[in-house]
Amino acid sequence: MFSFSERLQKLPPYLFVELDRMKAEVQAKGVDVIDLGVGDPDLPTPSHIVEAAKKALDKPENHHYPSSAGMLSFRQAAANWMKNRFGVELDPQKEVVALIGSKEGIAHFPLAFVNPGDVVLVPTPAYPVYHIGTLFAGGETYYMPLLPENNFLPDLKSIPEDILSRAKILWLNYPNNPTAAVADKNFFAEVIAFAKEHNLIVAHDAAYTELFFDDYVPPSILEVEGAKEVAIEFHSLSKTYCMTGWRIAFAVGNETLVTGLTKVKNNVDSGAFQVVQEAAIAALTGDQQCVADFRNIFKKRRNVLVEGLKKLGFQVEAPKATFYVWARVPEGYTSADFAAKLLKEAGIVVTPGNGFGEPGEGFFRVALTVDEKRLEEAIKRISSLKF
Ligand SMILES: *Cc1c(COP(=O)(O)O)cnc(C)c1O
């Protein structure tokens, strides 16, 4: 009787349907499945953050509607954190907005700046929300392939002139999900110059800036001089503080861009629960040792997995950031064949690279969201397979 709107009908097919079905089938047989598919840390939120939430819950003033821009104290904490971490100065009243998770902000942002027929430049393989937000705003997605020969950075010079003349937003995400690639400040500076030349908004998804290893430290795009004229950056507490379930994040940068997003939010939501914002303040202003501890845990897991895969002959590099490993499937397999084989013959879930976009074909993504023992077990199971 009712049919879905055209925008829902245009949603891309969910590529993991078959994998989910196979996983349920394997689990039904009683197999102890090792799930390396989901990008949700297995570790609990640090206790000082949880305690701050408990205290905040007892304050009646937190039981009312929050403001959709976020409490000023939260925006101030976010601005101070940006200053301490990246040396970026921000006005908490005008250049910071609280988000109900960065997915919310990323999905809503195009509603503020994209008109039907406008083009949005979206990397592929990628987090699906850049395209879906574009689709919901009536925009047209132009995909920028992230290829290994370009270190998984988009090749800006290859974007056709007629696309650029209609383009409004350029999305980036570094450190990157799913490729675990990183971008340096020089690349960001090129992007900012390119955006100014072509009148583009730069929207940078910075969800993984705090999960870095060895001697690498990811920059913010706002560290580039003049970036604030064209850029907005999306930060999230989800991965940094193991707070995926809390739904709290913030966007920072150009005042007009932040105001546009805030206007959309004024009209669709009433902001993040103040108890959650108070917990987030505790996270951003408290001892950052917990973040260093998380980095250490993920680094050890990364080493177990990458060294294990290398010994088995896989083509894989140790990522400098994120909790993902992006590796090539063995010769003669597609991403889907390989993921199906690991699941059926070894009870291991990995994500086929093409599920994030066609240039991901030939790769698989492992999420380091189980402990070292389970990763060792996964390597042992893979070693018994024939490819
Ligand atoms: C996890 C993730 C996010 C956001 O998560 P929220 O929980 O909505 O803040 C954003 N971008 C990428 C690429 C992610 O992997």
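Counting starts at 1 for both ligands and their atoms, in listed order. Worth knowing before you read on, the calculation uses all heavy atoms, side chains too, and leaves out hydrogens, waters and symmetry mates. Counting from 1, the numbers follow the sequence of the chain as shown. Not measured: the values here are computed from a predicted model.
Using modelled atom types, one side-chain atom of Arg365 and one backbone atom of Gly37 make a donor-acceptor pair closer than 3.5 Å.
For the ring-ring contact (aromatic ring centres under 6.0 Å, His included) test, residues two or more places apart in sequence or in another chain that qualify with Trp171 are Tyr130, Phe234. Judged as a salt bridge (Lys or Arg N to Asp or Glu O under 4.0 Å), and not counting sequence neighbours, the contacts of Arg85 are Glu210.
Between Arg381 and Glu377 there is a salt bridge, since a side-chain N of the basic residue sits under 4.0 Å from a carboxylate O of the acidic one.
Ligand 1 is surrounded by Gly101, Ser102, Lys103, Tyr127, Tyr130, Asn173, Asn177, Asp205, Ala207, Tyr208, Ser236, Ser238, Lys239, Arg247, each with at least one heavy atom closer than 4.0 Å.
Side-chain polar atoms of Glu190 and Asn186 form no donor-acceptor pair below 3.5 angstrom.
Through direct or relayed side-chain contacts under 4.5 Å between Ile, Leu, Val, Met, Phe, Trp and Tyr, Phe16 connects to Tyr14, Val17.
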